[in-house]
Amino acid sequence: MAWHRKILRVNLTQGTCTAEPLNMEWAQQYLGQRGLATKYFCEEVDPKVDPLSPENKLIYATGPLTGTMASTGGRYSVVTKGALTGAIACSNSGGYFGAELRFAGWDMIIFEGRSPQPVYLHIEDDKAELLPAENFIWGKSVWDTEALIKQRHQDPLMRVSCIGKAGENGVLFAAIVNDLHRAAGRSGVGAVMGSKNLKAVAVRGTKGVGNIHDPKAFFAAVNAAKKVLHDNPVTGQGLPKYGTQVLMNVINEIGASPTRNHRDVQFEGASKISAEAMHEKRPTDGKTHLVTNQACFGCTIACGRISRIDETHFSVRTSPQYWGANGGLEYEAAWAFGNANGVDDLEALQFCNLLCNEHGIDPISMGATVGAVMELYEIGALSKEEIGFEAPFGSAEALIKLVKMTAEGEGFGKIVGLGSKRLTEKYGHPELSMSVKGQEFPAYDGRALQGMGLEYATSNRGACHLRGYMVASEVLGIPYKTDPQATEGKPELLKAFQDATAVVDSSGLCVFTTFAWGLPDIQAQIQAACEGDWSLEKLNLVGERIWNLEREFNLKAGFTAKDDTLPPRLLKEGCKTGPQKGAVSRIDIMMPKYYEVRGWDANGVPTPETRARLGL
Amino acid sequence: MLKSLYINPEKCTGCLQCEMACSYEHEGVFNISKSRIKVFDFHHEGRKVPYTCTQCAEAWCLHACPVEAIRLDADTGAKMVYDNICVGCKVCTIACPFGTINYNGDTGKVMKCDLCGGDPACANACPTGAITYVDANWTGLDKMRMWAHKTDTQPRA
C-alpha cells in the first residue's frame, strides 16, 4: 500500500494542525506527490485567487516511493499557485527532508490561510504543532534557520525545509530550501510560503515506511533498476563525475546555450565555467573547485556537487562563512549566472549560487532576471543611477551586487525581485523578458532545439526544462535521437515526455533517473510497492490526467492559447552562430499538432471527449 | 574465513541506502532511525562517513553486560544482543567507547550491528563500494594494493 493514508492539514489562520485520512480514490487516480497534491489543490482552491493571499494554499507532498529503498526515492514537491506566474506551481526537491516527512508517518501537508504571526511547523511523528518564529528564526537565513531549529529542539537528526530572507521579503521567485542546498526552486513557492508567515517545516520521523505491498517483488524491481542506473554511462559515470554541469560544453557546442539574455546561443566563456573547469586545480590555492559529489536520499546516481569557493576571490575574501565545502554549481545555476549574463568567473558564479541557497532564491530566475537588467542597461532603458552602479554584460561585480540586493530587498533589488516580466514591463521593454507565463527560461535555447521551444511554450508552470526534457532526444539521443531542427514528430514525442514526467514527479522518484530508466523500470517499482493496478497503460493515463488537470487549472486562472508562446526574440531573431545558425522557433507549425495530439480544441481547451476519457 | 565490515568514507555519497537496508533487515521497515549503521555528514569538509560497530575482539559492551545478553557469534565474530535476555539497563552503551550500541525506546532493548548473520545488508546495498565485507585479517588489502601500485622502483627503460 506504500501510502501512509494520512495527511496533515495546517490552518495557519486558526493555528490548528489536524490529521485527515488520505483520499485513496484520488490516490488511485493521481498516484501521489505532484499529481495527488494538484488534485487536492484544484478541488480546494479557486484558480483565480491572488497567489499571495490567504486563500491560496501550499501543499507539501511526497510520493508512495518517497522514503523507500527505490533509488532516488526521497523526493517531495510543493504545489501552490505560483507567485511568479499565477499558474499552477509544482516545485520538486531532493535532499533528505521528503523521506523524513514520510518516516514521521505523513503523506502530505496542506497549509491554508495566513498566520497572524510568523510561525514554523514542528513535526515529531504523530505530533504536529505550530511554534512562534518571531525573535527566533524570522529574518534569518536558510542556513541559520536550520542550525537554530536543531539547537532549540536539541535534535541534530531533524530535517528542515524553510524560506530565507527572499521568501520573507516577497521576492517573487523565492525558493523553499531543505538540507541547506536542495530546493523546491521555481515559480515562487517560497514567496507564497512567506506570505503565509510560515518560515519553516522541521520534521523528525521515527516510524518509517513499512507498508510495501509486495516486498519480494519490490526488492527485485529496486535492485534491477539500481543496476540499470549503475550500468548506464550517463547515470553511472557522467552524472556522478561531472554532475549536470556535464552539459555546459555539450549544449554550447551544439549552439543551444542562451547567452546574454538570449542575444546569442553560444558563450565564449563556457569552458571556463564548465564541469571540466570545476575539476581543474586553481592557480590561486592549487585546489580544485569541486570537492566531491553527493547523493540525495536513497540516490545511487549522486550527481550533486559539493564545492569549495576560492577564499581569495573578491566576493568572499572577508567572509569566512562561505569558505567551507558547500552546495556547488549545477548546470542550470552555472548557466543562469554565467551564460545568461556573459560572466565567465566560476568563483563569482559559485558565490551567487551560495547566496541563493543561503537566502532561498531560485537561481534560474535570479540569473535570467539579471540578464534582462543588463540588456536594459546596455540599450539605455535603465540608467546607472537607477540601478546604483554600472551593469554591463560580463560584469561579475554587478551580478553579485544585484543578487545580494535582491535577497536583502534593498533599493533596486526590490524591482529585480519581481522577476524579468514585471521588470521589463516597468522599463518599457516587455519583449526583453526571456520568459513564458512569467517564468524565465532555463539553460536551453528554444530556437536551437525545436522540441524544447514547444516544451517551454506549453509547460504548465511557465518556462521549464523539467516538464518534458526534449534535450534528451534532441541532443543526447534518449530514447532515440531526433534532429534539433525537425518539427515533425516533436508534438507527439513531447506529449509522451510530459505525461511520463508527470508520473515520475508523482512517484517520489527523481526525473534524472530517466536518463537510464524507461517507464517500465519505474512501473515495476510502483506496482510492487502500491496496491491496485499500476500497469504501464494506467500510468500513461495517470500522467496525461495530471497534465490536463494542471492545464484546466491554468485555463480557469485566466491563461489562454495566446499564452502558449515564446518571446518575440525566439520567434524572429535567428540563432547568430553555431550549428543551428539562422534558426527561429517554429512553434507556429507544431502547436496545432500538439493541441490535436493532446485532444484539445483550437483554443487549447481539452475537448469533452478528452475530459471524459481521462475522468476529469 | 572470518569476515569484517570495511568502510571507505572516500567512496560514500551519503545516499543512506545502507541505513535503509539495515533497518529493513532488522525491523521490516525502511526507517533510518532504527539503523545500526549511521552515515555522518561533515558538511563543510565535504565528507560523509558511515560508522558502525567494529566487533571488538575484547568487546567492552559484552563484558559490561550484567545479564550476559551480549554474546559472541562464533561463525561471524559478531557480538550479538539477545533480546530475550537484555533488560535494557544501557550499561553497554556507556561501556562502548565508540557509541555503536544504542538503546531502542520502542523495544526497551539495546541494538547493535550483528553482521546480518554473515551477509550484511548494508554492504549489499551500498552502490559505491564504500561499505564492503572482506577478510577480517586483511581489511587493509585494498589500501596496500593501491599503495603498492604507486610504488615505482623499477629502472626506467
Side-chain angles (χ1 to χ4, degrees), chain A residues 66-74 95-96 99-100 102-104 125 143 156-157 179-181 204-212 215 218-219 222-223 226-227 229-230 236 240 290-308 321-328, chain B residues 7-51 99 102-109 111 116 119-132:
Chain A
T66 307
T68 72
M69 249 175 103
S71 184
T72 77
Y96 302 95
E100 196 72 22
R102 288 269 289 164
F103 291 155
D125 291 338
W143 301 341
L157 297 177
D179 302 292
L180 305 178
H181 47 74
R204 178 71 193 288
T206 65
K207 296 163 69 141
V209 176
N211 39 6
I212 298 298
F218 183 69
F219 276 102
V222 163
N223 288 335
K226 278 165 75 173
K227 186 169 187 314
L229 292 178
H230 181 267
L290 184 76
V291 176
T292 184
N293 66 327
Q294 178 181 288
C296 292
F297 182 91
C299 175
T300 57
I301 304 173
C303 74
R305 301 292 91 184
I306 298 296
S307 294
R308 190 182 284 113
Q321 69 266 35
Y322 299 107
W323 289 357
N326 212 328
Chain B
I7 290 170
N8 182 350
E10 272 182 35
K11 292 184 178 174
C12 179
T13 63
C15 73
L16 309 191
Q17 283 271 340
C18 55
E19 294 195 23
M20 277 185 288
C22 178
S23 63
Y24 201 89
E25 176 75 21
H26 294 95
E27 313 288 336
V29 286
F30 298 116
N31 184 359
I32 58 174
S33 74
K34 297 289 186 293
S35 173
R36 282 112 168 109
I37 185 166
K38 294 301 287 178
V39 178
F40 292 87
D41 181 3
F42 301 96
H43 185 256
H44 289 298
E45 298 166 33
R47 289 197 306 135
K48 308 265 187 184
V49 184
Y51 203 78
N102 285 283
Y103 182 64
N104 178 348
D106 291 351
T107 60
K109 317 282 180 186
M111 57 181 199
C116 299
D119 186 20
C122 55
N124 292 334
C126 179
T128 63
I131 306 167
T132 48

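Nothing here was measured: the structure is a model prediction, and the numbers come from that model. All heavy atoms count here, side chains included; hydrogens, waters and symmetry mates do not.
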Determine the interplanar angle of the B:Tyr24 and A:Phe219 rings, folded into 0 to 90°, and report it as parallel if under 30°, tilted if 30 to 60°, perpendicular if over 60°.
-> perpendicular
Under 4.5 Å, counting heavy-atom pairs only, tell me which of A:Gly324, A:Ser307, A:Ala295, A:Ala302 racks up the most with chain B.
-> A:Ala295
Measure the shortest side-chain to side-chain distance between B:Ile32 and A:Tyr96 over non-hydrogen atoms and say whether it is less than 4.5 angstrom.
-> no
Under 4.5 Å from any heavy atom of chain B - which part of A:Thr206 = both
Minimum heavy-atom distance B:Ala125-A:Met69, with the two atoms named = CB-CE, 3.6 Å
Among the options A:Cys299, A:Pro215, A:Gly205, A:Gly298, pick out the one with the most heavy-atom pairs lying under 4.5 Å from chain B.
-> A:Gly298
Considering residues, nucleotides and ligands other than A:Lys227, do more than 12 of their heavy atoms fall under 6.0 Å from its NZ?
-> no
Hey, could you give me the CD/CZ distance between B:Glu45 and A:Arg308, rounded to the nearest 0.5 Å?
-> 8.5 Å
A:Ile301 versus chain B, heavy atoms under 4.5 Å apart: side chain, backbone, both or neither?
-> neither
So which part of A:Phe103 gets closer than 4.5 Å to some heavy atom of chain B, the side chain, the backbone, both or neither?
-> side chain
dist B:Ser33:OG -> A:Glu100:CD (nearest 0.5 Å) comes out at 7.5 Å
Would the number of heavy atoms belonging to other residues, nucleotides or ligands and lying under 6.0 Å from NE2 of B:His26 be above 12?
-> yes
Interface moiety of A:Val291 toward chain B, non-hydrogen atoms closer than 4.5 Å | side chain
Are the side chains of A:Asn326 and B:His43 in touch, meaning some heavy atoms are under 4.5 Å apart?
-> yes
Using non-hydrogen atoms only, which part of B:Gln17 is less than 4.5 Å away from chain A: side chain, backbone, both, or neither?
-> both
Go through the atoms of B:Thr13 and report whether side chain, backbone, both or neither lie under 4.5 Å from a heavy atom of chain A.
-> both
Separation of B:Asp41 CG from A:Ile306 CD1 (nearest 0.5 Å) | 7.5 Å
Please look at A:Arg102 and chain B and tell me whether the side chain, the backbone, both or neither of the residue comes under 4.5 angstrom of a heavy atom of that chain.
-> neither
